[in-house]
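This one's a predicted model, so the numbers in the text were calculated from it and none came from an experiment. When reading the values below, keep in mind they use all heavy atoms of this one structure, side chains included, and skip hydrogens, waters and symmetry mates.
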Amino acid sequence: MFSVPVAATFVAQIAGAAVMAALLFGFYRQYGKSYLLHWTWGWASLAVYQAAFLITLAQAFVYALPGSDPGRVAVTFISGLTAYLPVAWFVFGVREIVQRRPVRLLHAKRVLIAVAAFGGLTSLAFIGDDVISPLRFLSREGVKSLVATVAFVAASLMLWRVRKRREGIGFTLLSTAFFLYAIDQLVHAAVSVIFTAIGEIPDFAVYIGYADFLLQSVIAIGMTACLLEDEREAAELASVEIEHLAYHDALTGLPNRPLFIDRLIVSLAQASRTDQKVAVFFLDLDRFKDINDSLGHSTGDVLLKAVAERIRRCVREGDTVARFGGDEFTLLVPRIENVEDAAKIGQKILETLRIPFMVMERELFVSASIGISIYPTDGHDAETLVRNADTAMYRAKDSGRDNYQLYAPAMNARALERLALENMLRKALANDELVLFYQPVVNVRTRSIVGLEALIRWKHPDLGLLSPAHFISVAELSGLIIPIGEWVLRSACRQLRSWHRKIDPALTMSVNLSALQFSQPDLVDLIRSVIDDTGIPSASLQLEITESNAMQNAENTIHTLRELKSLGVRIAMDDFGTGYSSLNYLKRFPIDTLKLDQSFVKDIASDPRDAGIAGAVVTMAHTLSLDVVAEGVETEEQLEFLLRQRCETIQGYLFSAPVPIEELEDYAIELRRAASS
């Protein structure tokens, strides 16, 4: 059983296993792959096992130590502990490289402890035998070889199944080597059975050590080849991922601007050869910034992904949906028959987006503005088509949002005009060209002024006095509405303080808040600061929000209004009747006043339907303990109707148009004298 050739094969296997363990550990430190660490421990434990087994043979046959010798017992126990560990660690490594994910650490520890304990127990089963008995040899080597056979066959099959998906010969080589090594282990098991049966080791067993060394060398080569191929594949995957990130949006997974432009250029080249039309859509979500500011960017990101998915479902497989950035999306339809087809696609997208979104247990309503340009009528190159679609999108926003617009050449002139207007508006803010006019709010019974509404005007040096209709939309799109809104608020409150001393300390001041202002996170702090700086009573300030803005995000509106109410200010809902608020939300909104929109007041004396709506609004407001202000009152007939409906206060040209400070003071003083007389 023990001879110089046998000892030489053991020494060769020990040295080879130790060298392989050191080599794989170096690879592990360089590449950090956990399967390399498993294989490192596998080779290291194999070297320890082979060394312990060689020492056990020498102790038994060369030095004839008794079985109870402490040194022999210790070495035998070490041999048993490490007998099964190489098998387990090799299989762990194979599983990780095949599945591309680490084995669970807890499971691995349990398996390693179990196999080590089993090996240790079997090594001590026949402790005390002076010679290695056949039964003892079978319990240690035979069982270990059978277990190794099964494990290496399993490892071979795992590698064999993925060889077609993994380029190179590394996985095939390692699979074959493990299979042959399994057969080799089966031969070991057969030798132990023969030894048990006849009491002698067969003559051919002396050559098994050579086969062991050869197959272990092939396994080592296979592992190295697998490592190199795995690293090459990882580099290729990283390259693909980098390329994907370079041409796709990280949040939605959609193509980004460079990829969209590339595909558009290709589509235009094909369309020029086949005389086809190409449609380019530019889509921008309406008031998306309000959602980001009020609910946070995480909610906004989830909403953007949901929007992207809906848009993608509206188009064909060959079309391209891309995200340009922020809340802007583009769509390329490389082949359409006529302009009407593009319009149908735009309408389909709008209708799809109108369906409420459920985001983080919130129901959100989203609309979009879409601009459409068509090749070749609206441009012959990618840049021009995208720019013209963008221009058409802004036209859709100017037209009230939630619609699509086809590009028309006149839009470019309008876009340039809008840009020039924005620049002039910035200068107007810096040069104090903005002024406030005030329209009285009148008590219909006493015909006295009880409040004022601040309305902005622009004293343009060349164009004269401009109403908000000429510049507010540009201010909102450019974000200038924020500093302009703060200027209006501070100026109106300072003027109110002056009028409290000159005219009436009970006067109130109404100031309109735009949707962008209302969504500002520091709105409450701003209002508090203005009240403190100007010294007006908080109850004399009334903030007006439109019904449509209030319903953009009703729950957030309720929260913000409650914070504002905590300051003591009054809240009015402007343009009531033109939006889509429900009675449930109206009941929950902490408001003080409803302002009946002038579109319902205009014909109340002649149109029964408008009269019915106006009467119903006044009655409902009284039921909810709300004040009512009727806007746009211009005739005595309208006034008489509102008196019959018990509407308390009105605004309109019947009493006064919006006027500058000086005229308002004279008018208010005259009214007060008339009332007192």
Side-chain angles (χ1 to χ4, degrees), residues 247 249 252 254-272 276-288 304 307-308 310-316 318-353 366-419 422 473-474 477-478:
Y247 289 101
D249 174 54
T252 62
L254 294 176
N256 59 11
R257 184 189 186 105
L259 182 56
F260 180 84
I261 296 298
D262 286 348
R263 291 185 180 179
L264 178 54
I265 292 172
V266 172
S267 297
L268 294 178
Q270 294 173 344
S272 65
Q276 289 287 332
K277 292 183 175 66
V278 176
V280 176
F281 296 70
F282 202 106
L283 181 150
D284 185 87
L285 299 183
D286 298 329
R287 300 185 179 93
F288 177 75
L304 283 175
V307 167
R310 284 200 189 176
I311 298 173
R312 191 158 36 193
R313 291 203 303 263
C314 290
V315 299
R316 302 167 301 185
D319 303 335
T320 297
V321 179
R323 183 186 178 205
F324 258 38
D327 59 341
E328 294 179 339
F329 296 86
T330 52
L331 167 62
L332 165 63
V333 181
R335 178 174 296 185
I336 60 168
E337 296 299 326
N338 48 58
V339 176
E340 288 75 15
D341 292 340
K344 290 178 182 177
I345 295 172
Q347 187 61 38
K348 182 180 179 182
I349 293 173
L350 291 174
E351 292 173 355
T352 301
L353 294 180
V366 174
S367 64
S369 300
I370 302 176
I372 306 172
S373 62
I374 307 295
Y375 169 86
T377 56
D378 299 331
H380 291 81
D381 60 88
E383 181 181 352
T384 301
L385 286 167
V386 171
R387 184 176 64 247
N388 289 342
D390 185 28
T391 300
M393 182 272 293
Y394 276 105
R395 176 60 177 166
K397 285 193 177 294
D398 291 343
S399 301
R401 299 183 173 90
D402 193 21
N403 70 95
Y404 67 85
Q405 292 288 327
L406 294 162
Y407 174 76
M411 291 180 181
N412 275 336
R414 181 172 177 80
L416 292 173
E417 179 185 344
R418 185 178 63 245
L419 182 61
E422 179 184 332
S473 61
V474 173
L477 288 173
S478 64

**OP:** Could you please spell out the steps behind the side chain to side chain contact (heavy atoms under 4.5 Å, CB included) verdict for Leu304 and Leu285?
**Re:** CA-CA 9 Å; Leu304 283 175; Leu285 299 183; 4.0 Å; yes
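- Separation of atoms CD (Gln276) and CD (Glu337) is listed at 6.0 Å; rounding is to 0.5 Å.
- The backbone N or O of Arg401 lies less than 3.5 Å from a partner atom in the side chain of Asn403, making a donor-acceptor pair.
- Shortest non-hydrogen contact noted between Ala392 and Ile372 is CB-N, 3.8 Å.
- Phe288 CZ: more than 12 foreign heavy atoms inside a 6.0 Å radius.
- Of all heavy-atom pairs spanning Leu254 and Arg312, the tightest one is CD2-NH1, 3.3 Å.
- When all heavy atoms of Val278 and Ser267 are compared, the pair lying nearest together is CG2-O, 4.1 Å.
- Of all heavy-atom pairs spanning Ile370 and Gly346, the tightest one is CD1-O, 3.7 Å.
- Heavy atoms only, all atoms of each residue included: Ile374 and Ile336 are closest at CD1-CD1, 3.8 Å.
- How far CE of Met393 is from CG of Asp390: 4.5 Å, rounded to the nearest 0.5 Å.
- If you take NZ on Lys397 and CZ on Arg287, they are separated by 8.5 Å, rounding to the nearest 0.5 Å.
- His380 is listed as a side-chain neighbour of Tyr375, based on a closest heavy-atom distance under 4.5 Å.
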**OP:** Please report the C-alpha distance between Phe260 and Val386 in whole Å, then the side-chain angles of each, then the deciding distance to 0.1 Å, and finally whether the side chain to side chain contact (heavy atoms under 4.5 Å, CB included) criterion is met.
**Re:** CA-CA 10 Å; Phe260 180 84; Val386 171; 4.1 Å; yes
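- Side chains of Asp286 and Ser369: a donor-acceptor N/O pair is present below 3.5 angstrom, by distance only.
- The line from CG of Leu332 to CG of Asp262 is 11.5 Å long, rounded to the nearest 0.5 Å.
- Nearest heavy atom pair, residue Val333 against residue Arg316, reads CG1-NH2, 3.1 Å.
- Side chain of Asn256 to main chain of Asp249: no donor-acceptor pair is present (N/O by atom type, distance under 3.5 Å, no hydrogens or angles).
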**OP:** Would you sort out whether Leu283 and Leu331 count as a side chain to side chain contact (heavy atoms under 4.5 Å, CB included), showing the intermediate values?
**Re:** CA-CA 8 Å; Leu283 181 150; Leu331 167 62; over 6 Å; no
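- Side chains of Leu350 and Asp402 form a contact here, defined as non-hydrogen atoms less than 4.5 Å apart.
- Aromatic pair Phe281/Tyr404: centroids not less than 6.0 angstrom apart.
- Remark: side-chain polar atoms of Asn388 are not paired, donor with acceptor, to backbone N or O of Tyr407 under 3.5 angstrom.
- If you take CZ on Arg335 and CG on Asp341, they are separated by 13.0 Å, rounding to the nearest 0.5 Å.
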Original post:
Can Gln270 and Val266 be said to form a side chain to side chain contact (heavy atoms under 4.5 Å, CB included), step by step?
Top reply: CA-CA 6 Å; Gln270 294 173 344; Val266 172; 3.9 Å; yes
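- Taking a 6.0 Å sphere around CD of Glu383, one finds it holds 12 or fewer heavy atoms contributed by other residues, nucleotides or ligands.
- Taking CD1 of Ile345 as the reference point, atom CD1 of Ile311 lies at 12.5 Å (rounded to 0.5 Å).
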